[in-house]
Amino acid sequence: DVDDYSSESDVIIIPSALDFVSQDEMLTPLGRLDKYAASENVFNRQMVARSLLDTLREVCDDERDCIAVLERISRLADDSEPTVRAELMEQVPHIALFCQENRPSIPYAFSKYLLPIVVRYLADQNNQVRKTSQAALLALLEQELIERFDVETKVCPVLIDLTAPDSNDDVKTEAVAIMCKMAPMVGKDITERLILPRFCEMCCDCRMFHVRKVCAANFGDICSVVGQQATEEMLLPRFFQLCSDNVWGVRKACAECFMAVSCATCQEIRRTKLSALFINLISDPSRWVRQAAFQSLGPFISTFANPSSSGQCFKDESKSSEDSSAEDKDRMRDNDVVEEEHRRPEDAPSDLSAPHSSARLESTLEGCAAKTPGDSAGDVPAPVDSSLLCTLSSESPQEAASNDENGRKPDTNSKSASRPDAGTSSPEATPLDQDMFNSFHFWRTPLPKIDLDKELQQDPEERLSPERTGDVPAAPLPGSPNITMATRKELEEMIENLEPHMDDPDVKAQVEVLSAALRASSLDAHEETGGVEQRSELQDEVCVSELPDCNISHDTCVPLISAAEENAEATPDYVHGGADVSPGDGFSPDEDRRPKVQDVVPQALLDQYLSMTDPSRAQTVDTEIAKHCAYSLPGVALTLGRQNWHCLRETYETLASDMQWKVRRTLAFSIHELAVILGDQLTAADLVPIFNGFLKDLDEVRIGVLKHLHDFLKLLHIDKRREYLYQLQEFLVTDNSRNWRFRAELAEQLILLLELYSPRDVYDYLRPIALNLCADKVSSVRWISYKLVSEMVKKLHTATPPTFGVDLINELVENFGRCPKWSGRQAFVFVCQTVIEDDCLPMDQFAVHLMPHLLTLANDRVPNVRVLLAKTLRQTLLEKEYFLASASCHQEAVEQTIMALQMDRDSDVKYFASIHPSSTKLSEDAMSTASSTY
């Protein structure tokens, strides 16, 4: 019966899936590819597209098989299923990269087989396929896998056809976007020849506002690629049209890219045309356009930045403020670029070493008789000859520009002779100014030349005689009638001549200077018997009449000596900050009452920027407009220069007291950058109080101050810096005790602060904080604290005398090496390991002060401590030359300890004491060993 039951006739054999697998394994890679590519199952064809790269790798040794695979890719590209085509296009960049790497085996594979598929799919009917092909094209261009010839002959013609007037609307919009995105990748030449003409046409597409919107959104990228000339000649007219488009989305896109467009234009167009255009966007009827415009206002203002006005110009061999601060630990230079390399002994007396880059007319008006040198080390306050300060370039701007271009000397016989060198007695001698940057020659609209009456002129040779440069002549009394009457008459005529040109901001500033001098001379006539204090104030303003060889324009001020740097202790209320000077940080007591006017940027733009703190703006424009104002304030301050800080001071104080913590947080993160821009005196006067307020703010604001604590404190005077030693302890207290990242940041900043303070200050104030952080509950805080303590040991040990270092080591031994808690003893081992790795102590000193206490932990009852000790001795200590070369008692003690650890009852201790693990870093092995510390 059993045999009958199991007869072959009754057995039904069901094929297993393993049988099919074995059949596929018997096929060649090309055979499997052909089998599934011809399948009616869509998922099989998708799998084929996904596995193309693996198939190519399998047959890469045979060129014919590689070509066969690429040919099958071309057939697969004709698949009717969009998901298969999209899957294929996702693999094309990877396949192209493989073809590039194996170019000798399959030359021209990409150009012949793959690129045509990518280009064809750009016009595919399916949206997913088009999107995938666009992403693939950009990826291929970014990786430079497409030859330049192919870009010109295969890619650009297709994109131009897709943007034809009769093209599909969606395809046209996508093609324009691709053209804009690929422009930075293909370069200026191809963009100007092939892309720019069609882009200009698309900007005027009257039927599709989507196309215009895409053009507006990418306008800045195109401008940055084609450069200034093409931007001004071809693109700017289109940009003006887009900014007045009847669709608010187009205007909003223009506002968002305004800064990039401005960067591609010259200063004149930026000031005269783009500024007015931007004001229109700020006052746009659409709230969304106004919102975008206000967000771009600060960046747009920053494009007016000019190295001379900002005081941040760097030349070769010059030193930045940070470098100077590193060398001079107790104060920052007033000017960020102090250049002394061009100074010659014969140029000026030694007491004229003021630390600013040019002698300024405003400085002359306020203090011709006495000047205070800057903050450079070794400067001694000394009186400066007013004739030196008042001797400026008298050549007209047109003559100066032509002389610079033609490389020849100006006509010495002309009425307005070139200014002589201070070290020569002849007025015909001219200094070499090629190395000095004068923004007037590059940026400013030429001003009309002003020649003063010869009756008011002193003999130039007498004024500049080298024998007299060190003397201080008695300035004429303000009430002297022979000067006052002539001055008033001459000034009135000059003001009348300049009034028709008041539209120019430079002329306007000049008229204000002359008007103030006229008022001063009128006052002198009525108050000849004024007190000494009044006379000293008026005396400064009468100096305007003592400039026989100057153009009375602060924009034409050129330094008398190439390295002489002006010191504007007090800037007159009526003088606009010059755009080509870097005044000092001191200001007059009544500076807060100065009008918020300047000539670096159009005043209308600055007024709109200052209005961003108006509460009404938050209701009519954007609730976060104050945050945008705060975000761009350092850039605006850099553009205006420290001489115009009075324009921004009130706005900054308003933002610092804003009710939104996000606004204050933004300022806290950038206050150190603003301090670099303003210099140490303005920082101490205006930023330190706000900085102190941020220290007591919410943790979200305090973290901004803490992250750049070192950057800010290093800019302060050493006495002011020491005041913060008492407040560092407050950073250990946070609103949320779980905010361990706050304490970790504090530890990192303390490492940087070690260089700013004396050994006694480090020991008295920073040491308690560091030891506290070493016992923190969070391991990440402790790892950084170990580094902090080791650096502290290094600083204190190298100090003279090294008693602070010895005391710190003894405290480490007492508080951690002998701690009743095993975590404290483990921390002691970590500190020792860091000291050894970073060479914080000479090995002989380490062997005396720390090693005996370290070796006693070999008998610790907690295995984790012994494991870390074994790793420290084996991987770190014995790697030092001191213990390898010398046969001292210290080496013998270490070897005996290691032998004891090799016989330890714990297997991990024996393991780390016996062999040399590959990793020796504290952050890897040590942390893994102590992962269960808490």
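We count residues from 1, following the sequence as given.
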Checklist line | Side-chain touch Leu33/Leu52, heavy atoms, less than 4.5 angstrom | finding: yes
Margin query: Do Leu633 and Ser670 make a side-chain contact, defined as non-hydrogen atoms from C-beta onward lying under 4.5 Å apart?
Written below: no
Margin query: Which heavy atom of Val59 sits nearest to which heavy atom of Cys66, and what is that distance?
Written below: O-SG, 3.3 Å
Checklist line | Spatial distance of atom CD1 (Ile160) from atom CD1 (Ile195) [nearest 0.5 Å] | finding: 7.5 Å
Notebook entry, point to check: Within the distance-only criterion (no hydrogens, no angle test), does the side chain of Thr55 pair as donor or acceptor with the backbone N or O of Ser51 below 3.5 angstrom?
Noted result: yes
Item checked: Asp189 and Arg148 ion-paired at < 4.0 Å -> yes
Notebook entry, point to check: Would Arg238 and Gln241 count as having a side-chain donor-acceptor pair, cut-off 3.5 Å?
Noted result: no
Next item on the list: Classify the side-chain pair Thr173/Lys213 by whether it contains a donor and acceptor separated by less than 3.5 Å.
Entry: no
Next item on the list: Verify the ring-centre separation between Phe669 and Tyr631: is it less than 6.0 angstrom?
Entry: no
Notebook entry, point to check: In Å and rounded to the nearest 0.5 Å, what is the CD to SG distance from Glu232 to Cys223?
Noted result: 10.0 Å
Notebook entry, point to check: What's the verdict on side-chain contact (heavy atoms from CB on, under 4.5 Å) for Phe294 and Asp622, showing C-alpha distance, side-chain angles and the deciding distance?
Noted result: CA-CA 9 Å; Phe294 272 109; Asp622 186 3; over 6 Å; no
Check: Rounded to the nearest 0.5 Å, how far does CE of Met47 lie from CZ of Arg45?
Finding: 12.0 Å
Notebook entry, point to check: Got a donor-acceptor contact below 3.5 angstrom from the Thr272 side chain to the Glu268 backbone?
Noted result: yes
Margin query: Just verifying a value: how many Å separate Glu90 CD and Ile95 CD1, rounded to the nearest 0.5 Å?
Written below: 11.5 Å
Check: Any side-chain heavy atom of Ser133 sitting closer than 4.5 Å to one from Asp124?
Finding: no
Notebook entry, point to check: If you measure from the Lys or Arg side-chain nitrogens to the Asp or Glu carboxylate oxygens, is any gap between Glu71 and Arg75 under 4.0 Å?
Noted result: no
Margin query: Check whether Arg212 reaches the backbone of Asp205 with its side chain - one donor and one acceptor, N or O, closer than 3.5 Å.
Written below: yes
Check: Are side-chain heavy atoms of Cys180 and Cys215 found at a separation under 4.5 Å?
Finding: no
Notebook entry, point to check: Under 6.0 Å from the NZ atom of Lys273, do we count more than 12 heavy atoms belonging to anything else shown?
Noted result: no
Next item on the list: Could you go through the side-chain contact (heavy atoms from CB on, under 4.5 Å) check for Ile67 and Tyr113 one step at a time?
Entry: CA-CA 9 Å; Ile67 299 299; Tyr113 295 101; 3.4 Å; yes
Next item on the list: Any chance you could lay out the side-chain contact (heavy atoms from CB on, under 4.5 Å) test for Phe209 and Asn246, step after step, and finish with the verdict?
Entry: CA-CA 9 Å; Phe209 83 89; Asn246 56 2; over 6 Å; no
Notebook entry, point to check: Does the distance from a Lys or Arg side-chain N to an Asp or Glu carboxylate O, for Lys787 and Asp838, drop under 4.0 Å?
Noted result: yes
Checklist line | Residue pair Arg198 / Leu159, side-chain heavy-atom distance below 4.5 Å | finding: no
Notebook entry, point to check: Does a sphere of radius 6.0 Å around CZ in Phe43 hold more than 12 heavy atoms from other residues, nucleotides or ligands, not counting ones at 6.0 Å or beyond?
Noted result: no
Notebook entry, point to check: Do you know which two heavy atoms are closest between Asn44 and Ser39, and how far apart they sit?
Noted result: ND2-OG, 2.9 Å
Check: What heavy-atom pair brings Val663 and Lys627 nearest, and what distance separates the two atoms?
Finding: CG2-N, 3.7 Å
Next item on the list: Please answer whether the main-chain N or O of Ser296 pairs with a side-chain N or O of Glu256 as donor and acceptor at a distance below 3.5 Å.
Entry: no
Check: Given side chains that start at C-beta, do those of Leu137 and Ile146 come closer than 4.5 Å, heavy atoms only?
Finding: yes
Check: Short question: side chain of Arg290, backbone of Ile282 - any donor-acceptor pair under 3.5 Å?
Finding: no
Check: Salt bridge between Glu174 and Arg130, side-chain N to carboxylate O under 4.0 Å?
Finding: yes
Check: Do any N or O atoms from the side chain of Ser275 and from the backbone of Arg270 form a donor-acceptor pair under 3.5 angstrom?
Finding: yes
Notebook entry, point to check: If you take all heavy atoms of Met202 and Thr163, which pair is closest and at what distance?
Noted result: CE-O, 3.3 Å
Check: Is Asp169 salt-bridged to Arg207, cutoff N-O under 4.0 Å?
Finding: yes
Check: For Gln228, does the CD atom have more than 12 heavy-atom neighbours from other residues, nucleotides or ligands under 6.0 Å away?
Finding: yes
Check: Just by modelled atom types, is the Glu700 backbone N or O under 3.5 Å from a matching donor or acceptor in the Arg665 side chain?
Finding: yes
Checklist line | Any side-chain heavy-atom pair of Thr132 and Tyr121 under 4.5 Å | finding: no
Margin query: If the test is ring pair (Phe, Tyr, Trp, His ring centres under 6.0 Å), which one of Tyr609, Phe300, Phe304, Phe239 qualifies with Phe278?
Written below: Phe300
Note to self: Closer than 3.5 angstrom, by distance alone: can the side chain of Arg85 be matched with the main-chain N or O of Asp79 as a donor-acceptor pair?
What the structure shows: yes
Next item on the list: Taking all non-hydrogen atoms of both residues into account, name the closest pair between Pro299 and Ser632 and its distance.
Entry: CD-CB, 4.2 Å
Check: With no hydrogens and no angle check, is any side-chain donor or acceptor of Arg57 less than 3.5 Å from a backbone partner on Leu53?
Finding: no
Check: If every non-hydrogen atom of Val214 is compared with every non-hydrogen atom of Asn218, which pair is closest and at what distance?
Finding: O-ND2, 2.8 Å
Next item on the list: Dump the intermediate steps for side-chain contact (heavy atoms from CB on, under 4.5 Å) on Met182 and Val151, then the final yes or no.
Entry: CA-CA 10 Å; Met182 64 182 286; Val151 173; 4.2 Å; yes
Check: Do Gln128 and Lys131 come within less than 4.5 Å of each other through their side chains, counting heavy atoms only?
Finding: no
Check: Do any N or O atoms from the side chain of Gln100 and from the backbone of Leu145 form a donor-acceptor pair under 3.5 angstrom?
Finding: no
